[in-house]
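Data block below; observations after.
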2 protein chains.
Amino acid sequence: MSDPIRSENLLYLTDEQLRQGIEAMYFAYRGFTADPDRILESLAYGRAHHRAIHFINRAPGTTVTNLLDILGVTKQSLNRVLRTLIEDGLVESRVGTSDRRERNLYLTDDGTALEHRLSDSQRGRLRAAFREAGPEDVAGFRRVLEAMMEGEMKRQYKSLRESGK
Amino acid sequence: MSDPIRSENLLYLTDEQLRQGIEAMYFAYRGFTADPDRILESLAYGRAHHRAIHFINRAPGTTVTNLLDILGVTKQSLNRVLRTLIEDGLVESRVGTSDRRERNLYLTDDGTALEHRLSDSQRGRLRAAFREAGPEDVAGFRRVLEAMMEGEMKRQYKSLRESGK
DNA sequence: TTGGAGTGTCAACAAAGCTGACGTATTGTG
DNA sequence: CACAATACGTCAGCTTTGTTGACACTCCAA
C-alpha cells in the first residue's frame, strides 16, 4: 500500500490469479485437443498418432531417435504407433543412406492428407481464438507459454520455430 | 499491401503463426504438468488423482456427479481414482445431508497437505513464467486461453472463477 | 576383426480412459 | 402407497499409450 507501483505490478501474481491460470490451462488444453480427437476417434487412432504425424510433417526425413527426443516417450511406445501408421500406408520408413542403422521417416500422400485434416481443425479453433483476442493478446499468450516450458522443451520449440521459415 | 492496416492486423493469423501456437501449447502443457507429475510418481498416483484433488479442494463438499461434469470422465474411471484416495485417507466421502443419495467429498488434512505440495510446485512454475512475461502478457495469455475453450468448459471455468472470491 | 555403442523391434505389463450391465439406497411423483 | 427416476458404486472387459526387459542389426574404433 505504501508502494502502489510495486503492489500494482504484483497483483497478477497472487495465489488466486495463479490458480485461475492453472485452471485456464487445464480447460483450454481440453478445447485444444477436442477437434483432432474427434477426427482421430473415427479412424481408430489416438493423440499419439497425431503427434507423430505432426512432427514428421514438420521435419520430413527425421529419424526415430530425433522424434523420441521431441515427443519425450520411450522408443517402444513410439514404435507401436509408428508401426500402425506404416502398415496403414500413412508413413514411410526408409533406411538411412549415410548410416544404415537409422530410419528416415516421411509422410505418404495419404499421411499428408490426414495431417491437413487434423491441423486444419486445430488451426480453425486457434484462429478463432486468436481473432477474438487480438494481436497484443496473442503475443502475450506466446510469451507466457514459452516461459512455461522446461529448458530442453524450450530449446526444441525454438529450434522448430526457426526451421519454420 | 494496398491496405497496410488490414494486413498488419492479420499477420498473426498466418498458418505459420498458428502452427507455432499449436507447438507452443504442446510444449508448454508438458512443462505445466512436469512438476506435479514428479511428485505424484513417487506416490504411485497419476494425473487423474491430481485433478480430483484439485477440484475437491476448489469446491469442498462437491458431489460425485458434479466432479464428473467438471472432469469429463466416466464414473467408473473417476470411481477407481476416488476409491484409492479414500482408502489412503486423503479424501473423505460423507453422505449428503439434504439428499442422502449424494456423497459430499472433502479433503482430509493429509489430502490438503498433498494438494498444497502439488499446487505449490505448479504455482511456482507459473509464477516464474508470469513474472518473466509481465502483467500485459499474462492478461493476453488468459484471454486467448479462454477463447480457446469449448462452450461447456468455458462455462465451468467462469463459474469456478467467480466462486473464487 | 572384434567388441562396444547406437538404433530399432518384439513381448509383456501397468495406468487410466472407455462401454455395458447391474445392485442398492433414496427421492419424488402419479 | 407403489413405482419410476436419480445418485452412487461395482464387476467385467476392452483400448490407448505409457513403461521395462531382452534382443538383433549396424557402425566404428581399438
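Order of the sequence lines fixes the chain letters, A, B, ..., with proteins taken first and strands second; residue numbering starts at 1 for each chain.
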Seminar exercise, completed: Separation between CE (B:Met25) and CE (A:Met148), nearest 0.5 Å, reads 9.0 Å
Exercise. Hey, which of A:Arg161, A:Met153, A:Arg155 is the one that makes side chain to side chain contact (heavy atoms under 4.5 Å, CB included) with A:Tyr157?
Worked result: A:Arg161
Exercise. Do you see a donor-acceptor pair shorter than 3.5 Å between the side chains of A:His50 and A:Glu115?
Worked result: no
Problem set entry | Contacting residues from residues 82-92 of chain B, given that a heavy atom lies under 4.0 angstrom of DNA chain D | B:Arg83
For this session: Strictly below 4.0 Å, heavy-atom distances to any atom of DNA chain C: list the hits from residues 34-44 of chain B, or just say none.
Result: none
Side-chain donor-acceptor pairs of residues 126-137 of chain B under 3.5 Å, sequence neighbours excluded:
unit_1: B:Arg127; atom_1: NH2; unit_2: A:Asp15; atom_2: OD1; d: 3.2
unit_1: B:Asp137; atom_1: OD1; unit_2: A:Arg143; atom_2: NE; d: 3.4
unit_1: B:Asp137; atom_1: OD1; unit_2: A:Arg143; atom_2: NH2; d: 3.0
unit_1: B:Asp137; atom_1: OD2; unit_2: A:Arg143; atom_2: NE; d: 2.6

Exercise. How does protein contact run along nucleotides 17-30 of chain D, one letter per nucleotide 5' to 3', with B for base contact, S for sugar-phosphate only, - for none, heavy atoms under 4.0 Å?
Worked result: BBBBB----BS---
For this session: Using distance alone, with no hydrogens and no angle criterion, decide if A:Ser119 and B:Arg19 have a side-chain donor and acceptor under 3.5 Å apart.
Result: no
Problem set entry | Residues A:Glu92 and A:Arg94 bridged, charged N to O under 4.0 Å | yes
For this session: Using the six-membered ring of B:Tyr26, assess whether NZ or CZ of A:Arg51 lies under 6.0 Å from its centre and within 45 degrees of the ring axis.
Result: no
Could you pull out all donor-acceptor pairs under 3.5 Å where a side-chain atom in residues 81-91 of chain B meets a protein atom, sequence neighbours excluded?
unit_1: B:Thr84; atom_1: OG1; unit_2: B:His49; atom_2: NE2; d: 3.3
unit_1: B:Thr84; atom_1: OG1; unit_2: B:Val81; atom_2: O; d: 2.8
unit_1: B:Asp88; atom_1: OD2; unit_2: B:Tyr45; atom_2: OH; d: 2.4

Problem set entry | Backbone of A:Met149 reached by a side-chain donor or acceptor of B:Arg30 within 3.5 Å | no
For this session: At the 4.0 Å heavy-atom cut-off to chain A, mark where contacts on DNA chain C begin and end, going 5' to 3'.
Result: C:dA5 to C:dA11
